[in-house]
Amino acid sequence: MKKILIKGHLSIIANIILIVIGLAGLFMIVNQKSPAVQAAASFCPVLDFEGEYRIGDGDWQPYVKGQHISATSGDVTIRGHFYLGSEADKMIVTGYRLCFYLNHLSIEAYHNGELYYMSDCENKYIGNISCGKIRNGNLIYPAIAEDTFEIVFKNPHRFGNGTAIDEFFANIYSGDLSALKDQLQEEFALQSTIAFVILLFAFALLGVTVFSTFLQIPQAKILWLLTAMSLFAGGWFYFGAESIQLWNGSIAITTAGYEISRMYYGFFASCLVVAFLNDRLKFFGKSFASLLGIAVAGLIMVPAITGMKIYDVQLIWMIVQAVVGVGLAILCVMNLVQKWYNEKSYKIASVFCIIAVAAMLADMAAVGFHWRIGAVMSKGFFVLFFVSALLVALKIIPTSIRQAIRAKELEQEVEEQKTAIMISQIQPHFLYNSLTTIRSLCRKDPEQAWAAIGDFASYLRGNLNSITSKEDIPFSSELKHIKTYLHLEHMRIRERLVIVYDIQEEDFCLPALTIQPLVENAVKHGIYEKPEGGTVTLRTKRVGDEIIISVADTGVGYDTSVPIADDEQKTHVGIKNVRNRLNKLMGATLTIESKPGSGTVATVRFRVKR
């Protein structure tokens, strides 16, 4: 148990060190600027657009910088030129390479009416592997002031990326794509760093959770939910980070990772909310969480079965998540206002849950109404929750682990006390029956009684330590106990008791006084009850890595299908205790086979300790 305690402290210290390293890494990465990044900043200037646009086959309208153009109302066509500089000093970027950002859009560029360029992103000829967000630098701007240059935006989705064209205009650069990646890497470093820190914390928490489960800490279930939520939240931040998208070559994997992580983050966050509801409300909370879990699992399977893009299931998920979120928020409010429920920590958790649900619903509304780009509210709240959970975990988890280790120590002490009680129940029987045998010899054969007393006294002096030992003893010591006992019994009933030793294996250990009571029962309840007596056979053998010990008698036997009466159970010395000790101390089994008139066989089986 001391080893477990040491391992517990080491596990706590190791996880704290990992978390500290992660936070230190966050600080260093956010604050450190490399010369290469600084030098690259001048290579990729931001471009502006001057011209007009139309939605579908509608009328052309002048484009005003910063205005919102919905990407989900139909195909959008823009016509005009990209330029560098201010309004007063414009320079069309003829021959320059354009680097642009596409959020689940495909584009077709036309120069003087002829198709000049077609993007890979969301290209219907490529399929689902092109579904996602991408930065592209393959378009070399061909137009001069007198030329006509048009770009047609095609959106295969009708929900989720309503601000995609706004994002396109906000992310037009001129220059080499690799230089742009270096330039943007610093700008988006905070996003990826937060993702890595969350994942680092989640894996550290996973180790603590596994250890806590091993120690059967009551909070282990909540730790598992927190771990799962943190893992998927880390995936959500990771796949959503712009810096990750810059370097990830597979946009489909990024999209799938983002959507799946976001959905399962919502599910496990909902389960965590349910864990903090009181018992009267937990049933309804579990119902909401089950509904969400079934919906998430089904929605993830839909693209695999139907070929539908996983990005297109988010509308259904948002509706279900919103319904579940509102339901859980109502339950959390009830959790707060019910006066009979006064658990302070759970009330604080309820407030966090209400705020989390509100943030999530606000982000869903933002996506639906094109209010902002990205899940700003949910991610911001999660960072706040993450820091709070980190502080709470550092305070509560070590204390809980120490309490669990102490509980294990107490449990082991109780088991040792039970074992001591069982041994104390066996020893009086052994001593009583041996002395009773000597007493009977005093009348029949005083000389034999005198010799028996001497043998028994020598036996007690030489083997008292083995009888009271808490550790396993060699089988040879147990065999000596048995031979002493049978010798005393043989002196008492003489030819009525025949003893056979078939010892094929004795190189093993076992708890003291576990086989001797079986032999005693064979004599007392088998041979004694038969007028003509019988034979007791003690046999040991090894089969592979298994030791088999059998005690057989040719006594009266009994019907094993008939329950033994309470008064008869008391006479069967220590069999129940022997079975319990064998099972708990060495994982052995004890089976009893008997037939009326033929005798009884008790068999012990266990594997040899290596």
Side-chain angles (χ1 to χ4, degrees), residues 412 415-416 418-423 425-427 429-430 463 466-486 489 498-527 534-564 568-569 571-610:
Q412 183 173 345
E415 288 299 320
E416 290 177 353
K418 289 181 179 179
T419 301
I421 292 172
M422 287 188 285
I423 291 178
Q425 291 175 344
I426 293 174
Q427 289 177 358
H429 283 287
F430 175 73
N463 296 281
S466 295
I467 294 176
T468 59
S469 174
K470 294 181 181 179
E471 304 295 332
D472 291 352
I473 64 171
F475 175 70
S476 57
S477 297
E478 182 78 358
L479 183 60
K480 189 174 183 180
H481 299 171
I482 294 169
K483 287 183 176 180
T484 299
Y485 169 75
L486 289 177
E489 291 288 11
V498 178
I499 305 167
V500 176
Y501 296 102
D502 182 13
I503 309 301
Q504 302 176 28
E505 178 65 41
E506 57 179 316
D507 185 19
F508 59 90
C509 295
L510 74 173
L513 288 175
T514 48
I515 306 302
Q516 188 273 338
L518 303 179
V519 176
E520 184 176 341
N521 274 278
V523 175
K524 293 293 185 181
H525 305 291
I527 306 303
T535 301
V536 173
T537 303
L538 175 62
R539 180 177 290 108
T540 65
K541 63 179 179 179
R542 179 193 292 262
V543 179
D545 61 349
E546 186 178 54
I547 297 295
I548 302 175
I549 307 170
S550 63
V551 178
D553 68 77
T554 58
V556 294
Y558 65 96
D559 188 353
T560 56
S561 63
V562 178
I564 300 174
E568 293 180 358
Q569 284 184 349
T571 63
H572 284 69
V573 181
I575 293 298
K576 182 179 180 179
N577 286 341
V578 168
R579 177 180 279 111
N580 289 338
R581 291 181 64 219
L582 285 170
N583 181 259
K584 290 182 178 180
L585 297 180
M586 58 190 308
T589 61
L590 170 60
T591 57
I592 306 293
E593 298 177 357
S594 187
K595 185 177 181 182
S598 299
T600 303
V601 179
T603 306
V604 175
R605 296 174 179 267
F606 62 91
R607 294 191 179 278
V608 179
K609 295 180 181 179
R610 297 185 181 276

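The stretch residues 588-599 participates, sequence neighbours left out, in no salt bridge (Lys or Arg N to Asp or Glu O under 4.0 Å) pair at all.
The side-chain heavy atoms of Glu489 and Lys524, taken from C-beta on, include a pair separated by under 4.5 Å. Using a 4.5 Å heavy-atom cutoff, the side chains of Phe475 and Ile547 are not in contact. By the 4.5 Å heavy-atom criterion applied to side chains, Leu518 and Ile549 are not counted as neighbours.
The side-chain contact (heavy atoms from CB on, under 4.5 Å) test applied to Glu546 returns Ile548, Arg605, not counting sequence neighbours. Remark: Glu505 engages Arg542 in a side chain to side chain donor-acceptor pair (under 3.5 Å) (not counting sequence neighbours).
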Solution key, residues 506-515 side-chain donor-acceptor pairs under 3.5 Å, sequence neighbours excluded:
residue: Thr514; atom: OG1; partner: Pro511; partner atom: O; Å: 2.8

Considering only distance and modelled atom types, tabulate donor-acceptor pairs under 3.5 Å from the side chains of residues 596-604, sequence neighbours left out.
residue: Thr600; atom: OG1; partner: Ser594; partner atom: OG; Å: 2.7

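For the pair Val556 and His525, the tightest heavy-atom approach, listed with the atom from each and the gap, is CG2-O, 3.5 Å. The nearest pair of heavy atoms linking Val551 to Leu538 is CG2-CD1, 3.8 Å. Nearest heavy-atom pair, Gly534 versus Thr554, reported as atom, atom and distance to 0.1 Å: CA-OG1, 3.3 Å.
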Please lay out, stage by stage, how Arg579 and Ile592 fare under the test side chain to side chain contact (heavy atoms under 4.5 Å, CB included). CA-CA 11 Å; Arg579 177 180 279 111; Ile592 306 293; 3.9 Å; yes

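Expressed to the nearest 0.5 Å, how far CG of Asp553 lies from CD1 of Ile499 amounts to 12.5 Å.
Distance alone, capped at 3.5 Å, places no donor-acceptor pair between the Glu478 side chain and the Ile473 backbone.
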